[in-house]
Amino acid sequence: MHDPVFWARYTFAHEEGPGADRLGDLEGLLDDDDDDDDDDADEDAADSSLDVAFEVGEGHHVVLSIDASADSYSLEVTTPDSAEPAELGWDDLAHWHPYALRWSELDLICRAIAAWDPQLQHPGAPLALLCRFAAVFDDDDVDQAVAAVDEAYAALRPPQWEGYWPCGADWLERADFRGQNVIWQRDEAGNLWARQDDRHDEPFYSTRLGPDTGTGEGFPHAPLRAVLDAATATVGDARPAVPDAPVDPPGHG
């Protein structure tokens with residue numbers, strides 16, 4: 001969590017992502033790591049993959065699945081009654097669909113993680129790791145979101161380190177969908193989902209693009225709703241405030 005090389009890889013700065021222009025001397029270290037990976041790919045593959053589970057309350061978890069050797073990361077949730085994790089989104093350098101959460105939902109999740117385990121402060125490591133799966137829209141307090149992400153990264157920065165380190169502005173560069181005509185709707189069960197009309201410059205790559213089908217296919221609305229309910233109970237607060245969205249009539253979409 002305190003290694004600038006890790007963050008340069010995790011945020012894709014090493015692949016010309018936001019912050020690449022600030023890498024400086026880290027570029028040489030990243031190139032050396034790439035050479036080592038080419039030589040020892042088979043041996044290192046297992047060591048570079050892991051799952052990080054954050055509990056939000058009563059057996060409900062948000063799970064970050066990391067495959068560093070493939071520059072691939074996914075977000076899953078588990079509930080006490082689920083046999084397998086439910087994938088909300090993934091981020092990679094090929095066919096990414098990371099945008100699974102609204103900012104208010106991510107903030108709630110991270111506050112619940114901190115309440116459940118006080119060693120995981122908020123803003124801190126959970127927000128720094130999970131913010132790649134959230135986006136902001138026209139009705140969000142974007143300044144507050146960026147400040148929180150900035151604080152999360154800063155909390156992990158080594159005191160004497162003056163080189164590259166990710167910041168809130170880097171996150172916003174990938175997560176900003178203001179003015180991109182992403183419209184949120186709510187189905188009768190209270191699930192939120194988005195659609196994007198044709199008037200946009202940046203496509204909204206997400207699997208959260210339709211209501212609950214009731215068939216187990218598509219975005220896992222019910223597991224996410226269970227995790228958000230557990231997080232709400234943990235922090236003792238109301239469900240995160242989101243603007244009123246049109247209710248999608250049954251059978252629409």
Side-chain angles (χ1 to χ4, degrees), residues 1-41 43-54 62-75 90-93 96 98 101 103 106-107 109-111 113-136 141-176:
M1 290 294 93
H2 308 290
D3 182 358
V5 171
F6 166 78
W7 288 108
R9 288 190 171 278
Y10 186 74
T11 62
F12 296 155
H14 76 299
E15 289 288 350
E16 302 303 321
D21 59 328
R22 306 195 311 275
L23 287 178
D25 294 341
L26 282 187
E27 287 193 75
L29 291 175
L30 290 162
D31 290 341
D32 289 344
D33 282 354
D34 288 338
D35 292 339
D36 292 342
D37 289 344
D38 290 340
D39 294 337
D40 303 315
E43 289 184 21
D44 294 345
D47 293 337
S48 65
S49 300
L50 71 156
D51 291 343
V52 183
F54 297 106
V62 174
V63 182
L64 171 65
S65 184
I66 295 174
D67 185 349
S69 64
D71 286 322
S72 180
Y73 311 95
S74 69
L75 182 68
W90 67 92
D91 203 6
D92 57 27
L93 294 168
W96 58 94
L101 299 172
W103 168 255
L106 176 62
D107 182 63
I109 285 168
C110 290
R111 286 192 290 123
I113 292 169
W116 197 259
D117 183 352
Q119 294 186 47
L120 295 173
Q121 70 180 63
H122 177 59
L127 181 60
L129 288 168
L130 300 177
C131 65
R132 71 185 312 140
F133 297 103
V136 291
D141 185 341
V142 175
D143 289 342
Q144 186 273 335
V146 172
V149 172
D150 215 33
E151 186 177 346
Y153 285 136
L156 302 171
R157 183 173 187 152
Q160 305 304 319
W161 178 251
E162 296 182 355
Y164 164 82
W165 201 255
C167 64
D170 295 340
W171 166 73
L172 184 63
E173 190 171 329
R174 296 189 73 214
D176 191 355

Kindly indicate whether the side chain of [X], heavy atoms from C-beta on, has any atom under 4.5 Å from the side chain of [Y].
X: Leu75; Y: Val62; answer: yes
X: Tyr153; Y: Pro123; answer: no
X: Val52; Y: Val63; answer: no
X: Val149; Y: Trp103; answer: yes
X: Val5; Y: His14; answer: no
X: Leu156; Y: Trp7; answer: yes
X: Leu129; Y: Met1; answer: yes
X: Leu101; Y: Ile109; answer: yes

Taking all non-hydrogen atoms of both residues into account, name the closest pair between [X] and [Y] and its distance.
X: Gly19; Y: Ala13; result: C-CB, 4.2 Å
X: Pro166; Y: Arg22; result: CA-NH2, 4.0 Å
X: Ala8; Y: Leu23; result: CB-CD2, 3.8 Å
X: Leu106; Y: Ala134; result: CD2-CB, 3.6 Å

Inset, instruction - Indicate whether any N or O donor in one side chain lies under 3.5 Å from an N or O acceptor in the other, for Thr11 and Tyr164. - result: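 Side-chain D/A pair, Thr11 to Tyr164: present.
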
Inset, instruction - For Asp67 and Ser69, test the side chains for any donor-to-acceptor distance below 3.5 angstrom and give the result as yes or no. - result: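 Yes - a donor-acceptor pair under 3.5 Å links their side chains.
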
So, taking the atom named [atom1] in [X] and the one named [atom2] in [Y], what distance separates them when rounded to the nearest 0.5 Å?
X: Leu127; Y: Arg111; atom1: CG; atom2: CZ; value: 12.0 Å
X: Ser74; Y: Phe133; atom1: OG; atom2: CZ; value: 6.5 Å
X: Arg9; Y: Ile66; atom1: CZ; atom2: CD1; value: 13.5 Å
X: Leu26; Y: Asp3; atom1: CG; atom2: CG; value: 8.5 Å

Legend entry - Expected output: side-chain Trp171 to main-chain Cys131 donor-acceptor under 3.5 Å: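 Yes: the side chain of Trp171 pairs with the backbone of Cys131.
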
Legend entry - Sidechain-backbone polar pair: Asp92 side chain, Ser72 backbone, donor-acceptor under 3.5 Å: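 Not a single qualifying donor-acceptor pair exists.
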
Inset, instruction - Report the C-alpha separation of His122 and Ile113 in whole Å, then their side-chain angles, then the decisive distance to 0.1 Å, and conclude whether the side-chain contact (heavy atoms from CB on, under 4.5 Å) test is met. - result: CA-CA 8 Å; His122 177 59; Ile113 292 169; over 6 Å; no

Inset, instruction - Examine Arg132 relative to Phe12 and say whether NZ or CZ is less than 6.0 Å from the centre of the six-membered ring and inside a 45° cone about the ring axis. - result: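 The answer is yes; both the distance and angle limits are met.
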
Inset, instruction - Could you label the plane-to-plane angle of the Tyr10 and Tyr73 rings as parallel, tilted or perpendicular, counting under 30° as parallel and over 60° as perpendicular? - result: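 If you compare the ring of Tyr10 with that of Tyr73, the planes turn out perpendicular.
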
Inset, instruction - Would you mind telling me which of Leu50, Asp51, Leu130 makes a side-chain contact (heavy atoms from CB on, under 4.5 Å) with Leu64? - result: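 The single option meeting the side-chain contact (heavy atoms from CB on, under 4.5 Å) with Leu64 is Leu130.
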
Inset, instruction - Could you pull out all residues at least two apart from Asp176 that satisfy salt bridge (charged side-chain N to carboxylate O under 4.0 Å, His left out)? - result: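 In terms of salt bridge (charged side-chain N to carboxylate O under 4.0 Å, His left out), with neighbours along the sequence ignored, Asp176 is linked to Arg178.
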
Inset, instruction - Please identify each residue that fulfils salt bridge (charged side-chain N to carboxylate O under 4.0 Å, His left out) with Arg157, with sequence neighbours left out. - result: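 With sequence neighbours excluded, Arg157 shows a salt bridge (charged side-chain N to carboxylate O under 4.0 Å, His left out) to no residue whatsoever.
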
